[in-house]
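Quick notes on the structure that follows.
By convention here, the first residue in the shown sequence is residue 1.
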Amino acid sequence: MTDPIAPTARTITDLDEVRLLNLLKRQFGATPPPSTRALLEVLDNADVVAPQAIAPEVVTMGSQVAVDIGGRAQTLSVVYPEDADAEAARVSILSPIGAALLGARVGDRVCWQGTGGAPITAQIQAVPFQPEAAGDFIA
């Protein structure tokens, strides 16, 4: 039986996969901390495609994502750690929400553990901007 909150399938670009694996290696060496488990699971289990082949409704690195979190609409951007800025709604891929969003698509519900330990669920409403859909295949 599958988790009813987990996206049915994740898809990521081969460029995102390589960059994220290199990021984890640079920051954590051979043994990434438990906090990166969700991201590693996405990287290990996702379908990997060329940037030109990714569907425009899939969340990739640099995407803006419109989500509904507990009835509250938000637009977030999934970014590398050095570009994260909570006030600008730019979430790090190394954060639980960033990892939860990567590779999910419009209509999916994703779940992550909040800072207090309680699960948080969001439904992806739209991907208003995706670098690949805008023709940027190396962002």
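Atom OG1 of Thr31 and atom CG of Leu24 lie 12.0 Å apart (nearest 0.5 Å). Rounding to the nearest 0.5 Å gives a distance of 5.0 Å between CG of Leu76 and CD1 of Ile97. Interatomic distance, Asp47 CG to Arg10 CZ, rounded to the nearest 0.5 Å: 11.5 Å. In this structure, CD1 in Ile12 is found 5.0 Å from CG in Leu43, a value given to the nearest 0.5 Å. Taking CG of Asp68 as the reference point, atom OG1 of Thr121 lies at 10.5 Å (rounded to 0.5 Å). From Ile138, atom CD1 reaches atom CD of Glu132 across 11.0 Å, with rounding to the nearest 0.5 Å.
Residues Val67 and Leu101 form a side-chain contact, since some pair of their non-hydrogen atoms from C-beta on lies under 4.5 Å apart. Considering only heavy atoms from C-beta on, Gln27 comes within 4.5 Å of Leu94 through its side chain. Residues Arg19 and Thr13 are not in side-chain contact: their nearest non-hydrogen atoms beyond the backbone lie 4.5 Å or more apart. At least one side-chain heavy atom of Ile54 sits less than 4.5 Å from a side-chain heavy atom of Thr11. At a threshold of 4.5 Å between non-hydrogen side-chain atoms, the residues Met61 and Ile93 count as touching. Two residues are said to be in side-chain contact when any heavy atoms from C-beta on lie closer than 4.5 Å; Gln113 and Pro96 fail this criterion.
When all heavy atoms of Pro119 and Cys111 are compared, the closest pair comes out as CB-SG, 3.8 Å. Here the closest heavy-atom approach between residue Leu23 and residue Pro81 is recorded as CD2-CD, 3.8 Å. Annotation for Ala104 and Ala100: closest pair CB-O, 4.3 Å, computed over non-hydrogen atoms. When all heavy atoms of Asp14 and Ala50 are compared, the pair lying nearest together is OD1-CA, 3.9 Å.
Tyr80 and Phe28 fall within the same hydrophobic cluster, where Ile, Leu, Val, Met, Phe, Trp and Tyr residues are linked whenever their side-chain heavy atoms come under 4.5 Å apart, directly or through other members. Both Ile124 and Trp112 are members of a single hydrophobic cluster when ILVMFWY side chains are connected at heavy-atom separations under 4.5 Å. There is no path of hydrophobic side-chain contacts, each under 4.5 Å, that joins Val79 to Leu102. In the hydrophobic clustering of this structure, Val78 groups with Leu21; members are Ile, Leu, Val, Met, Phe, Trp, Tyr whose side-chain heavy atoms approach within less than 4.5 Å, directly or through other members. Grouping the Ile, Leu, Val, Met, Phe, Trp and Tyr side chains by contacts below 4.5 angstrom, directly or via other members, places Leu15 apart from Val42.
Qualifying salt bridge (Lys or Arg N to Asp or Glu O under 4.0 Å) partners for Arg37, counting only residues two or more places apart in sequence or in other chains: Glu41. Under the rule for a side-chain hydrogen bond (donor to acceptor under 3.5 Å, both in side chains), the partners of Ser63 that lie at least two apart in sequence or sit in another chain are Thr60.
Proximity of a side-chain donor or acceptor of Gln130 to a complementary backbone N or O of Val58 within less than 3.5 Å is detected. No donor-acceptor distance shorter than 3.5 angstrom exists from the side chain of Gln123 to the backbone of Asp108, with no hydrogens or angles considered.
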